[in-house]
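What follows is one structure encoded as structure tokens, with my remarks underneath.
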Amino acid sequence: MADWKDTCNLPRTSFSMKANLQTMEPETVARWDEMDLYGQIRAARKGAKKFLLHDGPPYANGEIHIGHVLNKTLKDLVVKSHNMLGFDAPYIPGWDCHGLPIELKVDRELGPKKRQMSTAEFRRACRAYAQKYVDIQRTEFKRLGILGLWGDPYLTMDFTYQARIVRALGKFVEKDMVYKGKKPVHWCTHCRTALAEAEVEYEPHTSPSIYVEFPLSDESLPELAKRVPELAACKVSVLIWTTTPWTIPSNLGIAFHPDFQYGAYDVGGHAVIVAKDLAETVGKKTGRSFDKLIASFDGKAMERLVFRHPLYPRDSLGVLGDYVTLEAGTGAVHTAPGHGADDYHTGVRYGLEIYAPLDPGGHFNESVELFAGLKVYDANPKIEAALKERGRLWHREDYDHSYPHCWRCHNPVIFLATAQWFIAMDAHHLRDKALKAIHDTRWIPSWGQARIEGMIANRPDWCISRQRSWGVPIPAMDCVKCGQPVLNKALVDKAASVFDVHGADAWYERPVEEFVPDGMTCAQCGGTEFERESNILDVWFDSGSSHEAVLPFRDDHHWPADIYLEGSDQHRGWFHSSLLVGIGTRGRAPFDQVLTHGFVMDDQGRKMSKSLGNTVAPQDIIKQSGAEILRLWVSMVDYREDIRVGKEVLARTVEAYRKIRNVLRVLIANLYDFDPKDDSVSRAKMLEIDRWALAKYADAAERIVKAYEDYDYPGIFQVANHLITVDLSAFYIDVTKDRMYTFGAKSEARRSGQTAMFIIVDGLARLLAPILSVTMDELWRMLPGEREASVHMALFPRELDQWKDASLLERWSALAAIRDQVNLKIEEKRKDKTIAGNLSARVTIAADGETSKLLSDYREFLSTLFGVSDVTVKSSSPQALKSSADGLNVEVSKAGGTKCDRCWRYVPEVSQEPERAGLCSRCVDALAEPVSL
RNA sequence: CGGAAGAUAGCUCAAAGGGCCAGAGCACUCGGUUGAUAACCGAGAGGUUGCAGGUUCGAUGCCUGCUCUUCCGACCA
């Protein structure tokens, strides 16, 4: 028996079933580099409508983690898809290079060596460190298949960038929106330096706990009598509690909770105020009786009453604060605006002085009576003694709690108000304009608007100064003679022009004269000598200025950007700072749309952390499965929410990838002898099933394009996956393969199928290219016909309407339903071993009504549709139809006749000719045509 | 403690001005095939839509409370 297999048009392709992504991906990335794919796309789209995604700069520290993968891949999806939608969509990646974490890392690496280094030298070490991680991360991002201008990214430490940050600040200075004020920060008196939140460690500590009496001032008595008549004739005082006696000299207020109930108790003939819920406890502690309640009232009644300081002839204002609790103390909180965060905000709200009479070493200065020159910790007992002497100290005990300590020297730290630079939120209507800009921006998802709105509406003035080394210096100076700080446009411009050439290091290295504008004099004392301040800018100002530093200066960019895309934490971070800088420099938001994504969680939905040991390293996944799997994963999950990753998710993603790859492989493998130019069949001459496939494809393609426009990536996967698995794999390809394999290679029927398959696989390669960038690039190069050097230079499929055919699809969904019914019957017969494969079956089918007509219309096609050897359509007989619910009667039996050795169908008779022995007539005809090679 | 978001089959996603037995794909089980073969086809099983109430003829979808998770922020005087 001859081996007829060789005469069949079996699929052939070098697009292998196994993806080999581990080798394919690096090769592809290298090829893209070599051919300058990014540049070629730019050239190809030149003149098209622009679509600009402005990259939020990741921090140049450490290797990339799974969150970076989500973020950068989403950006890549946006950029690639917009290029294929026909936009000119450039992408310039950036890095955030300044800031504390790098400083700390470098500090640790340098160890004791750091002490011998100048600030400029230390900054050079930081720069080298940042550059190292820029390079590492760049390699990793490229490995993910992200396309962009990797050769010329923007770095916040670029000299020109540093200069542009300063110029952006200049816009604020010019409008008089920047002022110097005070703000409490963590301060280490041992290291004599401000500490960032990350440098503070909480450790157990024993503090003195004291209860102190503040008498009501006489002038407030009438007001109190009005609010609380019962107290009209009393001598009134309030009892406060604190664990930092040394802040008593700085006391300027007493805070009450507006809604708590307070009571005035007769204690030894005086009316003493404490929170009612705490009266009993306070009584026990102080050993006095709080049994006799004279009056009770809300904390609100205490607002703006004036109390007297227990040590000095000074007032202490009654204020309200929500942060007052009943967990400890008296419900009346000692408030020193210069020495606490709450105290500070309350102080600002009530117009109290931000008073902190300490030197950097934590000593009281000369103005502080009784305690001048004392270090705060040494002052504690003295202050207690002074209070006791005056009869104001009601109780004292030790108090164990967790207290902030300096992470370096492990001494307790204090809160200390220090001079800082601020941007005033309400100068030049900054806040109002920002709120309007938020309203004018499209937030995706929409709740982002309310979120950032709340933040902008409530935020305090922006503190932009940091007492740090690695960043952009605030080009402010102090008058040597009188200490008056200066920050003006001329100073800023001068610094910016120096930074342009020498970088911001110049501030620490070059002579001060280079920075002092000609003829500058101190506005206060007329002094002409100045010294530089050593504050640097908040790094959020750095990155928030990126639109100013990048968009106007890059050829293919424009201001504002079309879209920003970051994690939802950036409502507080980069979106926020970018918005404020944008308002300050140009009066509007630097973006039209803001798209946010969630965070990557582990497979249980918990956040990843080193301590939990549930982190998933993208580097490992790439090694095991390939970056395409990560890209596919990003595309199929709902990134607007938090997303999960874990073994099963990734395994499912790999399965999905295989399925997609395999179906595309079958399609291209049937095109090995097809040239679209010569072999395409016009739609009019195509078989109906091929037109059906194209109609399905066109519907899907249209929805996918729409989904790209809507940033609905999971929707793309849904549609594409359904088309590929259900419509193509399980239906179209399955039904069509007999024709493709056994018909004459050049027969119109086979060419018809090839035409459809070509259009579909070509279209899918385009449609999936943003997601499976490497795989589609590979497929693209193997497809027949003239085409761009890379699929990423191509456009999404167009003119899809020509393939659409709603009535055909409707007819065919009825046919598919019949096929489902037949399959059920076939399955029954397979179970009882009447038949095995579908080709060993014959089907007898009858129906009534519409279905009957459909069956007779498609009589010739039914055996193909069902994949069986023979179908007999019977005219409907009411009796036979009784058993079936939907007017369909199906009978399956074993096919009769002889099996054709070539196409495996059972036919009534096969050829007896020696050359064609065992073949059905259709195969004999097919072989009349020479086999193509 | 405050602001915001979410919770649908083992996994990833669908279903909404509230209404046919809540749908796919993958995974799983069984069967077929061996001319997509580390593939392919068919069939099957799998969900009281986080929990508890409420509104309604009827709720996954609306309201209230709770639980859990996540992001942001505040706080420990």
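All values below were derived from every heavy atom in this structure, side-chain atoms included, with hydrogens, water molecules and symmetry-related copies excluded. In what follows, every chain begins at residue 1, and chains take the letters A, B, ... in the order their sequences are listed.
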Atom [atom1] of [X] to atom [atom2] of [N]: distance rounded to whole Å?
{"X": "I724(A)", "N": "rA24(B)", "atom1": "CD1", "atom2": "C1'", "value": "14 Å"}
{"X": "I835(A)", "N": "rC41(B)", "atom1": "CD1", "atom2": "C1'", "value": "12 Å"}
{"X": "E655(A)", "N": "rG25(B)", "atom1": "CD", "atom2": "C1'", "value": "11 Å"}
{"X": "K831(A)", "N": "rG42(B)", "atom1": "NZ", "atom2": "P", "value": "14 Å"}
{"X": "H722(A)", "N": "rC26(B)", "atom1": "NE2", "atom2": "C1'", "value": "13 Å"}
{"X": "R631(A)", "N": "rU12(B)", "atom1": "CZ", "atom2": "P", "value": "21 Å"}
{"X": "L70(A)", "N": "rU12(B)", "atom1": "CG", "atom2": "C1'", "value": "15 Å"}
{"X": "K899(A)", "N": "rG35(B)", "atom1": "NZ", "atom2": "C1'", "value": "11 Å"}

[atom1]-based separation of [M] from [N] [nearest Å]:
{"N": "rC62(B)", "M": "rA7(B)", "atom1": "P", "answer": "10 Å"}
{"N": "rU29(B)", "M": "rG65(B)", "atom1": "P", "answer": "46 Å"}
{"N": "rA16(B)", "M": "rA4(B)", "atom1": "P", "answer": "27 Å"}
{"N": "rA15(B)", "M": "rA24(B)", "atom1": "P", "answer": "14 Å"}
{"N": "rA43(B)", "M": "rA38(B)", "atom1": "C1'", "answer": "24 Å"}

Examine [N]: is either OP1 or OP2 under 4.0 Å from a nitrogen or oxygen in the side chain of [X]? Give yes or no.
{"X": "K659(A)", "N": "rC40(B)", "answer": "yes"}
{"X": "K737(A)", "N": "rA36(B)", "answer": "yes"}
{"X": "K833(A)", "N": "rG32(B)", "answer": "yes"}

Practice prompt. Go through F415(A) and W187(A) one step at a time and tell me if the side-chain contact (heavy atoms from CB on, under 4.5 Å) criterion holds.
Written response: CA-CA 6 Å; F415(A) 256 105; W187(A) 187 273; over 6 Å; no
Worksheet item: With a cut-off of under 6.0 Å to the ring centre and 45° to the axis, is R661(A) in cation-pi contact with F15(A)?
Response: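 Yes; both conditions hold, so R661(A) lies above the ring face of F15(A).
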Worksheet item: Within 45° of the ring axis of F743(A) and under 6.0 Å from its six-membered ring centre, is that where the NZ or CZ of R750(A) lies?
Response: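 No, R750(A) does not sit over the ring of F743(A).
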Worksheet item: Rounded to the nearest 0.5 Å, how far apart are CD of Q570(A) and CD1 of I452(A)?
Response: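 Result: 10.0 Å between the selected atoms.
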Are any side-chain N or O atoms of [X] and backbone N or O atoms of [Y], one a donor and one an acceptor, separated by less than 3.5 Å?
{"X": "D712(A)", "Y": "A707(A)", "value": "no"}
{"X": "D602(A)", "Y": "R606(A)", "value": "yes"}
{"X": "R902(A)", "Y": "L927(A)", "value": "no"}
{"X": "Y906(A)", "Y": "R842(A)", "value": "no"}
{"X": "D832(A)", "Y": "T834(A)", "value": "yes"}

Worksheet item: Just wondering, do F214(A) and V212(A) contact through their side chains at under 4.5 Å, heavy atoms?
Response: yes
Suppose we screen for side chain to side chain contact (heavy atoms under 4.5 Å, CB included). Which residues come up paired with [X], at least two apart in sequence or across chains?
{"X": "K659(A)", "result": "V663(A), T725(A), S729(A)"}
{"X": "I444(A)", "result": "R442(A), Q593(A), L595(A), Y711(A)"}
{"X": "S609(A)", "result": "S611(A), L612(A), N614(A)"}

Check nucleotides 13-16 of chain B against the protein and report each pair of N or O atoms closer than 3.5 Å, with its distance, or say if there are none.
from	atom 1	to	atom 2	distance (Å)
rC13(B)	OP1	D638(A)	N	2.4
rC13(B)	O5'	M636(A)	O	3.3
rC13(B)	O2'	Q718(A)	OE1	3.4
rC13(B)	O2'	Q718(A)	NE2	2.1

Would you indicate what [X] reaches in the nucleic acid, counting non-hydrogen atoms under 4.0 angstrom: base, sugar-phosphate, or nothing?
{"X": "W904(A)", "answer": "base"}
{"X": "L824(A)", "answer": "sugar-phosphate"}
{"X": "A730(A)", "answer": "sugar-phosphate"}
{"X": "N823(A)", "answer": "sugar-phosphate"}

Worksheet, complete the sentence: Applying the Watson-Crick and G-U criteria (both distances under 3.5 angstrom) with [ ] for crossing and | for other-strand pairs, one obtains for RNA chain B (((((((..((((.....[...)))).(((((.......))))).....(((((..]....))))))))))))....
Worksheet item: Where the side chain of T742(A) is concerned, which of rG32(B), rG35(B), rA27(B) is the nearest nucleotide?
Response: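 Selected nucleotide: rG35(B).
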Discussion item. Quick check on RNA chain B: between T247(A) and R819(A), whose nearest nucleotide comes earlier from the 5' end?
Written reply: R819(A)
I'd like a list of close polar pairs between nucleotides 70-72 of chain B and the protein, N/O only, cut-off under 3.5 Å.
from	atom 1	to	atom 2	distance (Å)
rU70(B)	O4'	D642(A)	OD2	3.4
rU70(B)	O2'	D642(A)	OD2	2.4
rC71(B)	OP2	K607(A)	NZ	3.3
rC71(B)	O2'	R451(A)	NH2	3.1
rC71(B)	O2	R451(A)	NH2	3.1
rC72(B)	O4'	R451(A)	NH2	2.9
rC72(B)	O2'	R572(A)	NE	3.3

